[in-house]
Protein chains: 2
Amino acid sequence: MVTIRDVAAEAGVSVATVSRVLNNKGYVHEDTLRKVQQAIEKLNYSPNEVARSLFKRQSKLVGLLLPDITNPFFPELARGVEDELQKQDFRLLFGNSDENPEKEQAYIETFLQNQVVGIISATQTSGMFNQEQPAVPTVFLDRTHEGRYTVYADGREGGKIAARELVRRGSRNITVLKGPGHISPVQDRFLGAVEVLAASSVDFQVIQMASLTYEEAEERAKELFRQYPATDGILASNDMTAAAVLHEALRIGKAIPEEVQIIGFDDIPMSRLLFPSLSTIKQPVYEMGKQAAQLLLKLIKKEEVAEQIIQLPVSFVERNTTRKVKADG
Amino acid sequence: MVTIRDVAAEAGVSVATVSRVLNNKGYVHEDTLRKVQQAIEKLNYSPNEVARSLFKRQSKLVGLLLPDITNPFFPELARGVEDELQKQDFRLLFGNSDENPEKEQAYIETFLQNQVVGIISATQTSGMFNQEQPAVPTVFLDRTHEGRYTVYADGREGGKIAARELVRRGSRNITVLKGPGHISPVQDRFLGAVEVLAASSVDFQVIQMASLTYEEAEERAKELFRQYPATDGILASNDMTAAAVLHEALRIGKAIPEEVQIIGFDDIPMSRLLFPSLSTIKQPVYEMGKQAAQLLLKLIKKEEVAEQIIQLPVSFVERNTTRKVKADG
DNA sequence: ACACTTTGTGTAAACGGTTACACATAGAGA
DNA sequence: TCTCTATGTGTAACCGTTTACACAAAGTGT
């Protein structure tokens, strides 16, 4: 391994001088600069980030904690984060927590041990975070935490929009799939939907789910059609569960969207490829990741940040699990 | 920040002793051990990985380079890698290269600067790798590279199986979508398919694609049905393109699988949720990631490794874009 | 009693950078 | 000429660990 000392020797200067050209800081004579640059070139030297991090007591690393990258909602999020950080030469230390507090704790600890400059977390449990102010700037993504920097989409409004669209398009007996209550965005969209439904004149019922897996949703879907055969509109917890419901509906011969309308949530890439393609509430996922990264970057640089909480708008994506509505007006 | 010195002071011993208990190495008296442990507990000390890495000249980090985590093939791969590494307390430094040699180069360089113990790469270009033996153990995943440690699925056999299944199920005029030639597994599956097709008595033609995006596949699918209207079987480059073809086929009113059969490749999670659900060649993606991690771990520990190349078997997943075949025999 | 090994601990030198500080020289302003 | 500032460079301490080495005390075998 070639070190700064080798470069210094090659260029016939001290390590301090090499360091100065490396960091482009302090006075360096033009000729010296050239000599050092040549030495660097010749030896193919690249500075050891670890040594830097040690002295500076911070690295160029950011910790990213996700529940599960395998869940199709998250890759896009991660990409938004990465693309933004990458521009500023920060790198990602990455972990899946499976919403498991121990795993989460372990990851955060190693993030900190590696002297990350900041953490972006899309987990809810956040064992460590709940107790004390974390040691480094932390931004929560897609999950809200009291009094913490947060970037998320307006789930409540999304729930409202979904409910309104369903009603507006003629559903009169609606079943709402309620996801696990401890996941804040899921809870929000449920609350929003119920708020609208309660104020409307349609009948509705709620089915509780313990997870957001396709498998559980399949079960619940069967239950749904057995228990509430009159259902003509379904608000799913997310697109994955909507897909399960859609398949079950098709399986038992329901016409979609004529007999039953379905609206999902998230707009994951798969949704447009389902048949019929899934109407859903779109979250600006990539943008969320990007904004979280930008916010974190500001915190790291101790820049002024206007808002502790950034809430992004959602929108209805009309596809083919909802009926067309006659021209507005 | 609490350091090993603080712990040493608190316990009334030297830093060397603390280090010994930390690493559970060398002689430490039972009473001393207890004192140190108590001090650690009391101060809530956790060792600085960066300082460790500097001294050891290697970290507990592994670099993972993917083309694009947003491509549904990769999350599962990444998960396989992570789960395996995580067990041994290694962490992932993660980057998307977009198959862009500059980005890739930049990531590899920062991986190395951060003194990763190893690299797992699922990219094809691998600018740096081509030139010299990389500075750390490196395993290629899903992409083959001459003379390098590699884990991949048997694409050639997959292509053969797909072609055979299509023929066996009655297609007589087959169109093969050929993905970009520089991506080795994609090339392999194409070669495998053509090998079988050429030896069979069915007609077939090839359509070349420049990418594996849904968008391009949509274009090509239109072209396909325009140019080769007699096609009654399609071998797609992967599931994503298969989805595009499937949609186009449905759009123009082809009965699937009665008029046209389609077989994809990969078995990404979405495939079973398409309508009709997609018959495909399944790659053991999670397992591939896992094996790559295991292989890397062995290389890191300088254990004996039996094979430089690990090839995993693929399998046909029969779903509903292929016709049922009468009982075998 | 002696030599030798085992056990237990501390001191200090790394690891590869950054930077405070000292110092030297040159130019500018009086 | 003298002082002051700007420019350019080097020395050495420091970041938080690990570990080679030295040393001492306690067993062990003869």
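Chain letters run A, B, ... following the sequence lines, proteins first and then strands; every chain starts at 1.
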Quick one: is Tyr45(A) getting a side-chain N or O under 4.0 Å of the dG17(C) phosphate, OP1 or OP2? yes
Apply side chain to side chain contact (heavy atoms under 4.5 Å, CB included) to Leu61(B) and Phe111(B), showing your working. CA-CA 9 Å; Leu61(B) 267 24; Phe111(B) 287 170; over 6 Å; no
Below 4.0 angstrom from OP1 or OP2 of dT9(C), is there any side-chain N or O of Thr32(B)? yes
Rounding to an integer number of Å, can you tell me how far Ile40(B) CD1 sits from dG16(D) C1'? 14 Å
Sidechain-backbone polar pair: Ser59(B) side chain, Gln115(B) backbone, donor-acceptor under 3.5 Å: yes
Atom-pair distance (CD on Gln58(B); P on dT17(D)), nearest Å: 18 Å
Short side-chain N/O contact from Tyr27(B) to OP1 or OP2 of dT7(C), under 4.0 Å: yes
With heavy atoms under 4.0 Å as the rule, sort Val13(B) into base, sugar-phosphate or nothing. sugar-phosphate
Counting just side-chain N and O atoms, does Thr17(B) come under 4.0 Å of either OP1 or OP2 of dG10(C)? yes
Rounded interatomic separation in angstrom, taking CZ from Arg34(A) and P from dT9(D): 12 Å
Interatomic distance where NZ belongs to Lys56(A) and C1' belongs to dG17(C) [whole Å]: 10 Å
Euclidean distance, atom CE of residue Met1(A) to atom P of dA14(C) [Å, nearest integer]: 18 Å
Counting side-chain heavy atoms from CB outward, which of dC15(D), dC15(C), dT9(C) is closest to Arg57(B)? dC15(C)
Rounded to whole Å, please give me the gap between CD in Glu30(B) and C1' in dA26(D). 17 Å
Kindly point out which of dT9(C), dA14(C), dA12(C) is positioned nearest to the side chain of Phe55(B)? dA14(C)
According to a strict under-4.0 Å criterion, is Asn48(A) in side-chain N/O contact with OP1 or OP2 of dC15(C)? no
Hey, which sits more toward the 5' end of DNA chain D by its nearest nucleotide, Arg5(B) or His29(A)? His29(A)
Crowded around Lys42(A) NZ? As in, over 12 foreign heavy atoms under 6.0 Å? no
Does Arg20(B) have a side-chain nitrogen or oxygen under 4.0 Å from the phosphate oxygens OP1 or OP2 of dT9(C)? no
Output yes when at least one side-chain N/O atom of Lys25(B) is less than 4.0 Å from OP1 or OP2 of dT19(D), else no. yes
Out of dG17(C), dG16(D), dT9(D), whichever nucleotide has its closest atom nearest the side chain of Leu54(B): dG16(D)
Check each of Arg143(B), Glu104(B), His145(B), Lys103(B) against Thr123(B) using the side chain to side chain donor-acceptor pair (under 3.5 Å) test, and report the only one that passes. Glu104(B)
Round to the nearest Å and state the distance from Leu22(B) atom CG to dT17(D) atom P. 8 Å
Could you state the atom-to-atom distance from CD1 of Ile4(A) to P of dC15(D) in whole Å? 18 Å
Check every atom of dT18(D), dG10(C), dT18(C) against the side chain of Ala16(B) and return the nucleotide holding the closest atom. dG10(C)
Examine dG16(D): is either OP1 or OP2 under 4.0 Å from a nitrogen or oxygen in the side chain of Thr3(B)? Give yes or no. no
Let me know which of Lys87(B), Arg79(B), Gln86(B) forms a side chain to side chain donor-acceptor pair (under 3.5 Å) with Asp83(B). Arg79(B)
Considering just the side-chain nitrogens and oxygens of Ser19(A), establish if one lies under 4.0 Å of OP1 or OP2 belonging to dG17(C). no
For a side chain to side chain donor-acceptor pair (under 3.5 Å) check, start with the C-alpha distance between Glu287(B) and Gln291(B), then their side-chain angles and the critical distance, and finish with the verdict. CA-CA 6 Å; Glu287(B) 184 65 21; Gln291(B) 296 250 359; 3.0 Å; yes
